[in-house]
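Presented below is the structure to which this report refers.
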Amino acid sequence: IARWDGSSWHSLGAGVNHIVDAIAVSDSDVYVGGQFTQAGGSPASRIARWDGSSWYPLGSGVGVYSPFVAALAVSGSDLYAGGSFSMAGGASAHSIGRWDGSSWYSLGSGAESGLNDQGRTLAVSGSDVYVGGYFTRAGGITVNYIARWDGSNWHALGSGVGYKVFAIAVSGSDVYVGGQFTQAGGSPANNIARWDGSSWHALGSGVGGPSLTWVNAIAVSGSDVYVGGWFTEAGGSPANNIARWNDNSNAWYALGTGMNNMVRTIAVSGTDVYVGG
């Protein structure tokens, strides 16, 4: 973990002792999740907070069953953490938990609170938290790899998608979902689809290629949706691992010759698109 100030790199104290998979920033606090067991040289089980000068654990963190944190999202004073774990702060929390600044809480109650498998990506829109991953149930209801938490209950997004979800981006009332699937809501959708609040829509013929393909990252800027992952085609035309969908023209566009290997993350700032992989 490191910080770039526009001209120089800076360490965050002694950092953490293993892989970082997720970062979320809230005011002066930087929340970090991953596969580590220490932050700043002190115990911190897979999740920690940096306040600008020191590291702090979030209670006893998450644990049990080869735990890791894969995704973080902030909503007001709440931090949501998704990954692979069955406990958060010593209490039962299945693959997703909420930290309110002092304590951990499960999302839902009872034996089936949370998710029945890994939560890999999170996105917040108002009071709604969208979660995608490897799971098929959330809070005891069938959701098929994508679900919405409204603060008190879990909701399916129609019949969900056909397989794993790795990326979510929210733009207004639209939720863009990417992963490794060939259908959304029971209709064809290759690795990327849009949920409008009541129905699923394909983005043209999606992205794909002659071998196994998937989407890892989505970033929305106005009517443009940038999609990255492991693919060689978008809309049936060549696009190497990154492409742009335009909602106005309902068409896919390549970004030059693309990338020579997998894209894992995308961020947009004005007219600039930053891509890592």
Side-chain angles (χ1 to χ4, degrees), residues 19 21-22 33-35 62 65-73 80-86 94-97 107 112 114-124 129-149 154-170 175-195 200-203 205-219 225-234 241-243 245 261-266 276-277:
I19 296 167
D21 291 311
Q35 302 173 41
V62 304
Y65 307 135
S66 301
F68 59 84
V69 170
L72 297 171
Y80 294 89
S84 177
F85 50 85
S86 59
H94 296 284
S95 296
I96 188 165
L107 274 63
E112 288 195 281
L115 315 174
N116 72 336
D117 207 334
Q118 296 176 22
R120 304 292 298 196
T121 181
L122 297 171
V124 175
V129 181
Y130 293 92
V131 186
Y134 296 4
F135 55 88
T136 56
R137 295 176 68 80
I141 67 169
T142 299
V143 295
N144 291 327
Y145 309 102
I146 180 77
R148 177 175 64 90
W149 171 255
W154 286 103
H155 303 270
L157 277 64
S159 59
V161 300
Y163 200 41
K164 298 173 182 177
V165 168
F166 302 139
I168 304 172
V170 180
V175 182
Y176 295 91
V177 177
Q180 186 183 358
F181 51 82
T182 57
Q183 61 91 5
S187 297
N190 288 316
N191 300 313
I192 180 80
R194 178 176 61 89
W195 171 256
W200 285 101
H201 304 271
L203 275 64
S205 58
V207 301
S211 58
L212 189 65
T213 58
W214 60 86
V215 167
N216 286 325
I218 306 170
V225 182
Y226 295 92
V227 178
W230 182 246
F231 52 84
T232 57
E233 296 176 355
N241 302 311
I242 189 161
W245 167 263
N261 212 320
M262 187 189 302
V263 169
R264 293 186 178 273
T265 185
I266 303 172

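Residue indices begin at 1 and follow the sequence shown.
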TODO: Over all heavy atoms of both residues, which pair between I146 and V161 is shortest? Give the atoms and the distance, please.
DONE: CG2-N, 4.4 Å
Task: Side-chain heavy-atom pair Y80, L107 within 4.5 angstrom cut-off - done: yes
Open item on the list: To check you understand the geometry: which heavy-atom pair defines the closest contact between F181 and G162, and what is its length?
Closed with: CB-N, 3.9 Å
Let me have the donor-acceptor pairs involving side chains of residues 129-138, under 3.5 Å, with sequence neighbours excluded, atom names and distances please.
| unit_1 | atom_1 | unit_2 | atom_2 | d |
| --- | --- | --- | --- | --- |
| T136 | OG1 | N116 | ND2 | 3.2 |
| R137 | NE | E112 | OE2 | 3.4 |
| R137 | NH1 | T142 | OG1 | 3.3 |
| R137 | NH2 | G140 | O | 2.2 |

Task: Exercise: identify the closest heavy-atom pair between I218 and G178 - done: CD1-N, 3.4 Å
Task: All side-chain contact (heavy atoms from CB on, under 4.5 Å) counterparts of A219, not counting sequence neighbours - done: I266, V268
TODO: Nearest 0.5 Å please: distance from the CD atom of Q180 over to the CZ atom of F231.
DONE: 13.5 Å
Open item on the list: Is any side-chain heavy atom of N216 closer than 4.5 Å to one of T265?
Closed with: no
Task: Gap separating the CD1 atom of I192 from the CG atom of L203, nearest 0.5 angstrom - done: 5.5 Å
TODO: Taking side-chain contact (heavy atoms from CB on, under 4.5 Å) as the test, write out the residues that go with T232, two or more places apart.
DONE: P210, N240
Task: Closest non-hydrogen atom pair, S159 against G185 - done: OG-CA, 3.2 Å
Open item on the list: Within the structure provided, determine whether Y145 and Y163 are in side-chain contact (heavy-atom separation under 4.5 Å).
Closed with: yes
- [ ] Indicate yes or no: at least one non-hydrogen side-chain atom of K164 is less than 4.5 angstrom from one of W214.
- [x] no
Task: Residues that W200 engages under side chain to side chain donor-acceptor pair (under 3.5 Å), provided they are two or more places apart - done: none
TODO: Return the minimal non-hydrogen interatomic distance between A184 and A193, and the atom names on each side.
DONE: CB-CB, 3.7 Å
- [ ] Could you list the residues that satisfy side-chain contact (heavy atoms from CB on, under 4.5 Å) with E233, not counting sequence neighbours?
- [x] none
TODO: May I ask you to test the S84-Q118 pair for a side-chain heavy-atom distance under 4.5 Å?
DONE: yes
TODO: List the steps, then state whether side-chain contact (heavy atoms from CB on, under 4.5 Å) holds for T121 with V165.
DONE: CA-CA 8 Å; T121 181; V165 168; 4.0 Å; yes
Open item on the list: Going by the rule side-chain contact (heavy atoms from CB on, under 4.5 Å), which residues pair with S86 if we only count those two or more places apart in sequence or in a different chain?
Closed with: V64, Y65, H94
TODO: Could you tell me whether the side chain of N191 reaches within less than 4.5 Å of the side chain of W230, counting heavy atoms only?
DONE: no
Open item on the list: Nearest 0.5 Å, please: how far is OG1 in T213 from CE in M262?
Closed with: 11.0 Å
